[in-house]
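Written below as structure tokens is the structure these notes are about.
Source: prediction; values computed, not measured. In what follows, chains are A, B, ... by sequence order, proteins preceding strands, each numbered from 1.
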Protein chains: 2
Amino acid sequence: MALTLEDVGRQCGVSRSTVSRVINDSPLVNEATKERVLKAIKELKYAPNFIARSLTKNCTETLAVTLPDITGGVFPEILAGMDEMAGQRGYHLLVVFLGGARPKSGTVEQLITHRRVDAIVTIASTVDDSQLVQMAEWNVPIICVAHKSPSKSIPSILFDDAGGAAEATRLLLAHDCRQIAHIRGPKDNFDAEERARGFRDALKTAGIPFEAKREVEGNFKREGGIRAIRELLERGVSFDAVFAGNDEMAIGAIEELKRRGRNVPREIPVIGFDDIESARFVGLSTVRVPTREIGRRAIQLAFEMIDGKQPIGYQILPTEIVERASTARGGDAKTLRLDGV
Amino acid sequence: MALTLEDVGRQCGVSRSTVSRVINDSPLVNEATKERVLKAIKELKYAPNFIARSLTKNCTETLAVTLPDITGGVFPEILAGMDEMAGQRGYHLLVVFLGGARPKSGTVEQLITHRRVDAIVTIASTVDDSQLVQMAEWNVPIICVAHKSPSKSIPSILFDDAGGAAEATRLLLAHDCRQIAHIRGPKDNFDAEERARGFRDALKTAGIPFEAKREVEGNFKREGGIRAIRELLERGVSFDAVFAGNDEMAIGAIEELKRRGRNVPREIPVIGFDDIESARFVGLSTVRVPTREIGRRAIQLAFEMIDGKQPIGYQILPTEIVERASTARGGDAKTLRLDGV
DNA sequence: TTTTATCTTGAAAGCGCTCACAATATATGA
DNA sequence: TCATATATTGTGAGCGCTTTCAAGATAAAA
């Protein structure tokens, strides 16, 4: 068994509370004894038991982060931002992939009710609205990232999905496209909804009627983009541009369009969303989202709530249009970074 | 304050030990009382305090996973495999990015000495050898993933780096390349060393002398590939093929080669390592490593060690060559999936 | 009937820590 | 000198759980 405060105390002739005080940097301990205790700690290589401390302090210095079971995309970068911020306060991240081996419902609740974590951050969660609200009752701070919470009491921190989508749409409109197809994400996904909304808003503002037949639902994966293009073509829907709900689908769409002999971007410009790493290589125009930043902010928010501060409703982080070859109407060679090998 | 065993016991007229037994599914509790207790638990919505349990059981059902501060590449996929396996036993993953905000030395030790986790899995660690050995003394299981431990007592689970590298090299040799340049990873990185070794071995076997001037050190990032090509060209080193230590650097290399007017693959075929997502899009030939599988196996190994089983020295997982456009000597159009947009 | 074995349950100690409070020593003022 | 304030340390209870041990109840055997 490992050493305890008692052991250290015995070593230098003080009680365990004095040792505890030294460890917690309490001011009410004599300078000389402090020295002695520190020496003993070093000699014995004593390290405090964090679990025991957590029990008495009722605080684990751990935050849970839940992710949907999508490994690619923006998540790693968000996580890195989170760990960066958490580390600054000595906190750790308990990362849980939802929907894989774990039962989708129940896992998150357990994390809270078992008092394993001080707060929960859910990224792009598809956890049922009512579940989230219910979870909020266990008064453990919950923060929603990249999806808006159903309840006012749960703060959210979001990308400006609608704004970015509108901008992307306007880019295509500026290229004189008037029959823009939108490959949207799944219905239960917040970002998907918002991006679709931004798309429609931009059309409306431009005085172009939205046509339901040009909106196809995908699954946020490459293959969803492929299927969406097939569906459009097979249904005989005409379109002169594609706005995809994320980059993966955009890449799939480009792949399928080219396979069908359509020229991208000359005939059909394509724009995505997220600016994932592959986007650069494909030359995909897209809407960049501040991933690292959203991670940092989410943890900051978690800390504020842990400290008892009342959270504001939600924050929206700005996005940024990135123009690459896939929307270069003239087919400008300059913008083609990598035209295959 | 949340409910305790005592509260549940009071509700249905039994002691806390009986409730504890029910929760832990002990056989020595009467069927009738068990029912009553379960009902009370449900009524009160009682959930056990995991921290308290961890304290008595001296086991946290949590595994630490450390990652280098590189967000891209193969790590997310490895993590997903790990969480999948951990979840099957109700375990959780404490994910720590080394080298970012956290002090590189000390963080891992703390995780152990503080008894926060039941085992540690280090991925592609650059933690000092001696540190690892020292850590092993705290007898908490340690598993090395994608890097070999210095000590016999720490089991490692590895990709067949040398084998894959040799195969990649042979592919280039088969294309009649005789002056193959190798952009290797950093000196302190295990994979980098192994891949370099595989490269040399393959040359030797083929009876071609290894020339040090054709081996340049990179940093496993895209930019490292760019710089390596510049260095080779500026130093006037001739080469007729490039084997990069990972895909990121290979992509950087291709980018720079094309910028310098060299034709890939006709003039200079390029092959990478890892098969990251971008590789498909670029059309990069590479060596695929079983990421998800290595994650699963690592956790499995951790569990075995937690259960007291003596670990075997190390496991090597096979790799697989993936041929794409970047090594298609004839420039076969069929293999060009995405020749830019 | 008494004895012994079998089931069930509760009391109590302990995991390693923190913290309120009591105790002691020393210093200050009357 | 004694009362009172101040600095420093130790004692003990408690965080919520598990687990050993003993006790009580019941059933089986003698």
Determine the minimum heavy-atom distance between A:Ile112 and A:Val140, stating which atoms define it.
CG2-CG2, 3.2 Å
Can you list everything that forms a side chain to side chain contact (heavy atoms under 4.5 Å, CB included) with B:Glu31? Sequence neighbours excluded, please.
B:Lys34, B:Glu35
Contact between A:Thr62 and A:Val117 at the side-chain level, heavy atoms closer than 4.5 Å - yes or no?
yes
Quick check for you: to the nearest 0.5 Å, what is the distance between A:Glu61 atom CD and B:Arg116 atom CZ?
6.0 Å
B:Asp188 side, atom CG; B:Phe190 side, atom CZ - distance, nearest 0.5 Å
13.0 Å
Mind calculating the distance between CG (A:Asn30) and C1' (C:dT24) to the nearest angstrom?
14 Å
When rounded to whole Å, the CG to P distance for the pair A:Leu3 and C:dC17 reads 9 Å
If you define the side chain from C-beta out and look only at heavy atoms, does anything of A:Phe75 sit under 4.5 Å from A:Pro68?
yes
For DNA chain C, the residues among residues 34-51 of chain A that have a non-hydrogen atom under 4.0 Å from it:
A:Tyr46, A:Pro48, A:Asn49
Could you state the atom-to-atom distance from CG of B:Leu28 to C1' of D:dA22 in whole Å?
14 Å
In whole Å, what is the span from the CZ atom of B:Arg115 to the C1' atom of C:dC15?
11 Å
Within the structure provided, determine whether A:Val8 and A:Leu5 are in side-chain contact (heavy-atom separation under 4.5 Å).
no
Table of protein N/O atoms under 3.5 Å from nucleotides 18-20 of chain D N/O atoms:
residue : atom : partner : partner atom : Å
D:dT18  : OP1  : B:Asn24 : OD1          : 3.4
D:dT18  : OP1  : B:Asn24 : ND2          : 3.1
D:dT18  : OP1  : B:Arg53 : NE           : 3.4
D:dT18  : OP2  : B:Ser20 : OG           : 2.6
D:dT18  : OP2  : B:Asn24 : ND2          : 3.4
D:dT20  : O4   : B:Arg21 : NH2          : 3.4

Rounding to 10°, can you tell me the angle the first-five-pair axis of the helix from C:dT1-D:dA30 to C:dA30-D:dT1 makes with its last-five-pair axis?
70°
Show the atom names and distances, to 0.1 Å, of all donor-acceptor pairs under 3.5 Å that link a side chain in residues 295-313 of chain B to residues at least two apart or in another chain.
residue  : atom : partner  : partner atom : Å
B:Arg296 : NE   : B:Glu84  : OE1          : 3.4
B:Arg296 : NE   : B:Glu84  : OE2          : 3.2
B:Arg296 : NH1  : B:Glu293 : OE1          : 2.6
B:Arg297 : NE   : B:Glu293 : OE2          : 2.9
B:Arg297 : NH1  : B:Gln315 : OE1          : 2.8
B:Asp307 : OD1  : B:Arg89  : NH2          : 2.9
B:Asp307 : OD2  : B:Arg89  : NH1          : 3.1

Under 4.0 angstrom, heavy atoms only, what part of the nucleic acid is A:Ser54 near: base, sugar-phosphate, or nothing?
nothing
Non-neighbouring partners of A:Ser54 that pass side chain to side chain contact (heavy atoms under 4.5 Å, CB included), sequence neighbours left out
A:Phe50, A:Thr60, B:Ile51
Atom of B:Gly13, atom of B:Arg36 and distance for their closest heavy-atom approach:
O-NH2, 3.9 Å
So do the side chains of B:Leu111 and A:His92 get within less than 4.5 Å of each other, counting heavy atoms only?
yes
Can you tell me if A:Ser15 touches the phosphate of D:dG10, counting only side-chain N or O atoms and a distance under 4.0 Å to OP1 or OP2?
yes
Whole angstrom is fine here: how far is it from CD in A:Glu6 over to P in D:dG10?
11 Å
Judged by nearest nucleotide, the residue sitting upstream toward the 5' end of DNA chain C, B:Leu55 or B:Val14, is B:Val14
With a non-hydrogen cut-off below 4.0 angstrom, is A:Gly13 in contact with a base, only sugar-phosphate, or nothing?
sugar-phosphate
